[in-house]
Amino acid sequence: MATKCIEYNFREIEPHWQTFWEENHSFRAEPKLSGEKYYVLDMFPYPSGAGLHIGHPEGYTATDIIARYKRARGFNVLHPIGWDAFGLPAEQHAVKTGTHPAANTANNIANFKRQIKALGFSYDWEREINTTDPTYFRWTQWIFLQLFQRGLAYVDERPVWWCPELRTVLANEEVVDGKSEVGGFAVERRNLRQWVLRITAYADRLLADLKDVDWPESTKRMQEAWIGRSEGAEILFALEPKEVGPLKIFTTRPDTLFGCTYMVLAPEHPLVDTLTQPERKADVEAYRKLAAAKSDLERTDLAKGKSGVFSGSFAVNPVNGIRVPIWIADYVVMGYGTGAIMAVPAHDERDFEFAQQFSLPIIQVIEGGEAKLPHVGDGPLMNSPGYDGLPWPEAKCKITADLASRGVAKATVNFKLRDWLFSRQRYWGEPFPIVWVSEADYAKVKAAPGNSLPNTPVTFRANGVTQCAVPLPAARLPLELPSVQSYLPGGNGESPLANETDWLEIWYNVETGAAVPASATRPTGATWVRGRRETNTMPQWAGSCWYYLRFLDPRKPNAIASPEALRYWGTPDLYVGGAEHAVLHLLYARFWHKVLFDLGVVPTPEPFTKLFHQGIILGEDGEKMSKSRGNVVSPDTIIESHGTDTLRLYLMFLGPLEAMKPWSPRGIEGVHRFLQKVWREIIAPDGTISARITAAAAESPELTKSLHETIKKVGEDIENLRLNTAVSQMMIFVNAVQKSPGLTRESALVFLQLLAPFAPHMAEELWSRLGGADSVMLARWPVFDATRLASSEVKLVFQVNGKHRGDQMVAVGTSQDVALELAKANPRIACYLEGKEIKRVIYVAGKILNLVVG
RNA sequence: GCCCGGGUGGUGGAAUGGUAGACACUAGGGACUUAAAAUCCCUUGCCUGUAAAGGCGUGCGGGUUCGAGUCCCGCCCCGGGCACCA
C-alpha cells in the first residue's frame, strides 16, 4: 500500500517501504535450499564509534543492486550482513571509560544497524552475525583447534613487532612503514612468546590457486608478491674452523658461484659469535648492537649506504675451493632464506655497492652488461671453469646438480611469506582454547581417550620449565572471556587476562576438559591436573576468516553450518570490498578455507571466486575523507536532505564502481532532479496518476524502442557492474518519456522494475500507485524484445580518407553499391571526389562508408 | 628501483579499432512568474568565420591501419602496492 503523499516526499516514502519490507520478510533467503542460488557478500564492517562513512554505502549499494536484480531474475539470493566487532577501538574505549567493550560495541552496532537500514539495503537480517558473540566465536575457536591438531599452530619466542602504545604485538601485515596500521604508532622489535599459524605450509597452494579466481589482476599480483616464491639452491660453504660445520646459504643465482668474493651473515645469525675472531670481537659486538637498535625502518632508510663488519673468518667456495671472507652486514636479513648469502658483486646491485664500499674484489662471471657492472641480466657464463659459455638457466641447473652430487647443494624454493603471528596481548578478542600443563601432565592428556593432540606437542620453555599446550575438547567451547578489573594490558607482553587468577590458574580435567579455579581444593581423581590458561587472544582477523560460511546457517548450534547449507550455498558468487584487504583478510581467509577444505568441511578450495574492489570516495576537495580535514560526508546527512534513493543512485552515477572519485554536492542535485522528474512523469500535481499514463496511451515508437534499449542496457550493465552507465540509460529513457505524447501503463511499470534495484523505495511507491501487483521486487525482470530494437533506418557515416565528411539515413541492409551511389550523389561528399580516383572502398554495413581517394 | 592502475571539455565521466565528448554538473541566454524557487527550451571542447563551412583536438613523440582515445614502441606526469628477500 502506497503512501498518500502528493509530492515526492522521500521522508515519508522511504521509511514506509522499509517497514513494508521488514514486515514481509522480503529479503529472506529461501531456507528450503532449492532453486538456483546467488550469494552476494559485502565485507562486513567493523562497527566503529564514528558510524557509517560514505564509502560503506558505495559498495553496499552495488551489491544491493545485484541482490535485487538477481532476485528479480528468479535466483534464491543470499545477501547477509554482520559485524566484525572484536578490535582495538572498542578496547581502547574500554580502557578509557572502564566499561566493558561489549557495551560500547553493542551501541555502535545499534547505530550502524540504524544507518544501514535507513539506506534500504536488502539484507536478510535474520542471518545477522557478530564475531564477538560466543555462539559465533565458538566456531572461530573450533577452527583454531583444527589448525592446532594438524600442527598448523605453534608457539615460538621470536622477534616480533611490539607496539608500546597499543601494548601488543602486531603481524607483519599490520605494520606499515614502521608504524602500526591501526593508530599509526611506532613499533619496535621484541622477543616474545607468540602463537604462530603455519600459513607457509600453504604457500604453494595459496600461490597456485590464484589462477582459478576471478579477482582484480592487481590484487592477485599483490598476493603473489607477498607470497614471494623464488626458486634457487641452498649451498653449503665449508668454514675455516672445520668443527663449526658448514655455512648454509640460499641463492637464486647458483650460476654466479664463481663470482662469489665474500659471504655475508645477518647480524642476528646464530653463527656470528662462533665465527667472530677474537681480534674482531669488539667491532662485531658494536655493530650488532647498532643493528639491533635500529628499527627496520631505519635499516631500510639507510639503504643508501651499506654498513658491515668483517668477522675475521673465511669460508670455502665449494665450486672452486677459494677462500672468501665472511662479513656481518644488516643488508642481509635473518628472516629470509638462511640469513646468510654468498655475495656476487659483479651481478647483484647490493653486493656491488657493498664491495665498492669495502674494497672487496669483483669478478664478472656472466657475459654482457656492456662492460658496466653490476650486470644483473642474462648472458652466458665466463670465468667459470667447466661452465664457460653455458646459458645461465642451464648453468643454474648444472652447477646445482654437480654440487648436489657432492652433497653440498640442494635445489630449493623460498618464500617471502612468513608464518602468521596470531596472538595479541589484548582483552577484546577470542580467547585461545588452550591450557598449559607440565610435561608430566601432558602425558596424562595423551593417555586420555579421544584426545585431539597434534603429532608433535606444542611446548614452550620458560624459567627452565617446559610447558605443554593442551586443547580444550570441542564440546567445552566456547571458552568465554572472564570479566576483568582493568582492560589495560600490562605492557610486559601479557594480556589483561593474566590478572584474572580464578580464570587463569585452574585444576583441569584431562578427560573432560572441565576446570575449577586453582584456589579451590583440587577435585579428587587422577585426571585433574594443574593448568594455566593461555592469556593471549586472537587477532581481529580470526573472526573475519570464515564469517562468509556462518551466514549459510548462522544459528546452527553444533556445526559451522549444516553440510546441506555448505553444499547448496557454497561460497559467495560475488564478494565486494575495499582493496586495502588485498594481503590481509583476503590471504588469511584463503588459508583457513583451504584448511577447512582439507578437513572436508567445505567442498571448494577457494573462498572467494569472484572479487571486486569498489573505489574510494574522496572528499569534495579531492583528498581522502578524514575527520581532521573536515571533508567527511555522512550518509545520514544526505538521507535527511535528499533521501536514500538519491544517495544510492548518486553513488552509482558518480563514475565506475572501481574508480577513486571525489564527492560532489552539486552532482547529487542532478540525480535528485532525475528522481523528481520520474515522479512528475507518473504522478500529477494533485497526487493522482498522470493523465498521460493509460493502458492505451499514445506512446511514440521511439519511446518503445528506448524502453527496450533500456531493458537491455540496464540488465547488461548490472551484470558487469557498470552501474554508472545503467543510470545514464535510465535518464535517457526518462528524457524520452518527457518528449513522448504519452506513456503506456505497462511501459511505466517495466521502467519501475528497472529502477527498482537502484531506487527501490520510489520504485515500490510508484509501482503500487500504478496498481502493480504486490511488490515491484516480486515481478520477474523484464525481457527486451529484440525486434523492438531494430529500426528500419540507420545513419550511415561517409568518410573520405578516414575523415568524417557527412552522413545520411539509409535503409537497413543497404548494399555497398547503393551506399557508394548515395555518397557520390551527396553534395558534401561529391566535392571531395571531384577529379580524384576512388582507390578503395571500406564499407561497414549500417555504420561507415570510407572512400580512399588519391 | 620493481609491479599494477590511470591521464579525454570549465567539472564528474561516455565511447565491441568505425561520427570523440553519451549522461550529468557548472556557466550563459530565453520562456513561465508581480518576484523568487521549481520547471521547460536553447547554447556550452578550442580556433577561424556573420553564416555555410573549415581547421585543430583524448599527457608527449613515433608506428601499425582505409580508419587509433582504443593496438604497438619510446618518454612524461599522477595514484596504489612492494622494496637490501639474495
Side-chain angles (χ1 to χ4, degrees), chain A residues 7 176 216-226 228-230 232 249-253 256 264 266 296 299-304 306-307 329-344 347-351 353-354 414-418 579-580 582-583 613 615-616 618 622 650 653-656 658-671 673-674 676-677 680 685 722 724-735 738 795-807 828 831 839-844 846-854:
Chain A
E7 292 178 331
V176 178
E217 230 21 67
S218 57
T219 304
K220 286 201 207 182
R221 291 278 150 73
M222 272 193 237
Q223 291 214 349
E224 276 171 18
W226 193 266
R229 182 180 199 273
S230 47
I249 61 105
F250 173 75
T251 180
T252 54
R253 296 295 304 274
T256 62
V264 184
D296 270 27
R299 249 164 105 153
T300 29
D301 259 3
L302 296 174
K304 295 148 204 157
K306 296 265 181 297
S307 66
D330 67 1
Y331 81 92
V332 171
V333 296
M334 195 55 225
Y336 183 75
T338 62
I341 62 157
M342 64 169 199
V344 184
H347 305 290
D348 181 279
E349 282 171 19
R350 297 146 303 183
D351 297 345
E353 195 189 335
F354 191 83
N414 245 304
F415 293 93
K416 285 187 200 169
L417 185 70
R418 317 290 167 85
E580 67 273 17
V583 286
H613 297 306
I616 303 171
L618 304 172
Y650 179 60
F653 185 61
L654 211 47
E658 67 276 18
M660 188 188 274
K661 33 200 187 267
W663 178 263
S664 152
R666 279 186 177 143
I668 201 157
E669 291 295 340
V671 167
R673 251 175 252 170
F674 164 70
Q676 295 272 19
K677 202 188 283 188
R680 280 197 315 272
R722 289 192 307 239
N724 53 330
T725 49
V727 177
S728 296
Q729 183 60 41
M730 289 191 281
M731 288 175 168
I732 291 170
F733 175 73
V734 173
N735 288 344
Q738 282 188 300
K795 186 154 87 174
L796 181 66
V797 169
F798 298 128
Q799 293 185 344
V800 179
N801 289 339
K803 279 199 190 293
H804 177 212
R805 294 299 181 188
D807 50 55
R828 285 189 52 197
C831 60
K839 291 184 167 164
R840 205 175 149 185
V841 178
I842 291 104
Y843 183 57
V844 183
K847 273 196 174 157
I848 264 179
L849 179 74
N850 188 11
L851 304 177
V852 183
V853 303

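Below, read A as the first sequence line, B as the second, and so on, with proteins coming before strands; counting in each chain starts at 1. Predicted model only: the values in this text are computed from it and were never measured.
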When the distance from OH of A/Y331 to P of B/G1 is rounded to whole Å, what number comes out?
21 Å

Report which part of the nucleic acid A/F653 touches: base, sugar-phosphate, or nothing (heavy-atom distance under 4.0 Å, all strands).
base

Please enumerate all protein N or O atoms sitting under 3.5 Å from an N or O of nucleotides 38-47 of chain B, with distances to 0.1 Å.
{"from": "B/U39", "atom 1": "O3'", "to": "A/R680", "atom 2": "NH2", "distance (Å)": "3.3"}
{"from": "B/C40", "atom 1": "OP1", "to": "A/Q738", "atom 2": "NE2", "distance (Å)": "2.9"}

Would you please name every residue forming a side-chain contact (heavy atoms from CB on, under 4.5 Å) with A/M731, sequence neighbours left out?
A/F653, A/V671, A/F674, A/V727

Please classify the nucleic acid contact of A/G228 as base, sugar-phosphate, or nothing, using heavy-atom distances under 4.0 Å.
nothing

Apply side-chain contact (heavy atoms from CB on, under 4.5 Å) to A/F354 and A/D348, showing your working.
CA-CA 10 Å; A/F354 191 83; A/D348 181 279; over 6 Å; no

Just to be sure I understand the rule, does A/N724 reach a base, reach only the sugar-phosphate, or reach nothing, if contact means heavy atoms closer than 4.0 Å?
sugar-phosphate

What distance, rounded to whole Å, do you find between the two C1' atoms, one in B/G9 and one in B/A20?
11 Å

Give each protein N/O atom lying under 3.5 Å from an N/O atom of nucleotides 61-70 of chain B, with the pair distance.
{"from": "B/C66", "atom 1": "OP1", "to": "A/R840", "atom 2": "NH1", "distance (Å)": "2.7"}
{"from": "B/C66", "atom 1": "O2'", "to": "A/N850", "atom 2": "ND2", "distance (Å)": "3.4"}
{"from": "B/C66", "atom 1": "O2", "to": "A/N850", "atom 2": "ND2", "distance (Å)": "2.4"}

A/E7 atom CD, over 12 foreign heavy atoms within 6.0 Å:
no

Applying side-chain contact (heavy atoms from CB on, under 4.5 Å), name anything that partners A/S230, two or more places apart in sequence or on another chain.
A/F250, A/T252, A/Y336, A/N414

Can you tell me how far P of B/C23 sits from CE of A/M730, to the nearest Å?
15 Å

Tell me, please, which residues at least two apart from A/E669 pass side chain to side chain donor-acceptor pair (under 3.5 Å).
A/H642

Step-by-step side-chain contact (heavy atoms from CB on, under 4.5 Å) determination, A/D351 to A/M342:
CA-CA 9 Å; A/D351 297 345; A/M342 64 169 199; over 6 Å; no

Considering every strand and a 4.0 Å limit on heavy-atom distances, what is the contact class for A/T251: base, sugar-phosphate, or nothing?
sugar-phosphate

Rounded off to whole Å, could you give me the NZ-to-P distance for the A/K416 and B/C84 pair?
9 Å

Nearest-angstrom distance, P atom, B/G62 to B/G57:
11 Å

Nearest listed nucleotide, side chain of A/V332, among B/A86, B/A24, B/G81:
B/A86

By the rule that syn is within 90° of 0, classify the base conformation of B/G9 as syn or anti.
syn

A/W226 CH2 to B/C82 P, straight-line distance once rounded to whole Å:
6 Å

Between the protein and nucleotides 52-56 of chain B, list every N/O to N/O distance that falls short of 3.5 Å.
{"from": "B/G54", "atom 1": "OP1", "to": "A/Y832", "atom 2": "OH", "distance (Å)": "3.2"}
{"from": "B/G55", "atom 1": "OP1", "to": "A/R805", "atom 2": "NH1", "distance (Å)": "3.4"}
{"from": "B/G55", "atom 1": "OP1", "to": "A/R805", "atom 2": "NH2", "distance (Å)": "3.2"}
{"from": "B/G55", "atom 1": "OP2", "to": "A/R805", "atom 2": "NH1", "distance (Å)": "3.2"}

Measure from the side-chain heavy atoms of A/P656 and tell me the nearest of B/G13, B/C23, B/C84.
B/G13

Using a cut-off of 4.0 Å on non-hydrogen atoms, how would the nucleic acid contact of A/L654 be classed: base, sugar-phosphate, or nothing?
sugar-phosphate

Work out how far the P atom of B/C42 is from that of B/U34, and round it to whole angstrom.
25 Å

State whether A/Y336 places a side-chain N or O below 4.0 Å from either non-bridging phosphate oxygen (OP1 or OP2) of B/A86.
yes

A/E580 atom CD is separated from B/C82 atom P, nearest whole Å, by 13 Å

Would you say A/Y650's side chain and A/P665's backbone share a donor-acceptor pair under 3.5 angstrom?
no

Considering every strand and a 4.0 Å limit on heavy-atom distances, what is the contact class for A/S218: base, sugar-phosphate, or nothing?
sugar-phosphate

Tell me the interatomic distance from A/M731, atom CE, to B/A14, atom C1', rounded to whole angstroms.
13 Å

Mind checking if A/N735 touches a base, just sugar-phosphate, or nothing, with heavy atoms under 4.0 Å?
sugar-phosphate

Holding to side-chain contact (heavy atoms from CB on, under 4.5 Å), I want the full list of residues that pass it with A/V852, two or more places apart in sequence or in another chain.
A/N801, A/R840, A/I842

Which nucleotide in the list B/A22, B/C3, B/G13 gets nearest to the side chain of A/R221?
B/C3

Looking at residues at least two apart in the chain, or sitting in another chain, which of them share a side chain to side chain donor-acceptor pair (under 3.5 Å) with A/W663?
none

Could you measure between the two P atoms, the one in B/G55 and the one in B/U16, and give it in whole Å?
26 Å

With a 4.0 Å cut-off on heavy atoms, is A/S230 in touch with a base, just the backbone sugar-phosphate, or nothing at all?
sugar-phosphate

Return yes when atom CD of A/E349 has more than 12 non-hydrogen atoms of other residues, nucleotides or ligands closer than 6.0 Å, and no otherwise.
no

Counterpart residues, side chain to side chain donor-acceptor pair (under 3.5 Å), relative to A/R805 (two or more places apart)
A/Y832

Using the C1' atom as the point on both nucleotides, what is the distance between B/G28 and B/C78, in whole Å?
33 Å

Nearest-0.5 Å distance that lies between atom CG in A/L796 and atom OH in A/Y843:
5.5 Å

Write down the atom of A/Q223, the atom of A/A582, and the distance for their closest heavy-atom approach.
NE2-O, 2.8 Å

For RNA chain B, report each stem as range with range, ordered by first number, or say none. Use Watson-Crick or G-U wobble pairs under 3.5 Å, at least 3 in a row.
B:1-7 with B:76-82, B:10-12 with B:23-25, B:27-31 with B:39-43, B:45-48 with B:53-56, B:59-63 with B:71-75

Find the distance A/K220:NZ to B/C3:P and express it as a whole number of Å.
19 Å

Please enumerate all protein N or O atoms sitting under 3.5 Å from an N or O of nucleotides 15-17 of chain B, with distances to 0.1 Å.
{"from": "B/U16", "atom 1": "O4", "to": "A/K847", "atom 2": "NZ", "distance (Å)": "2.8"}

Hits for side chain to side chain donor-acceptor pair (under 3.5 Å) against A/T219, two or more places apart or cross-chain, chain-then-number order -> A/H613

Quickly work out the A/M660 CE to B/G6 C1' distance and round it to whole Å.
11 Å

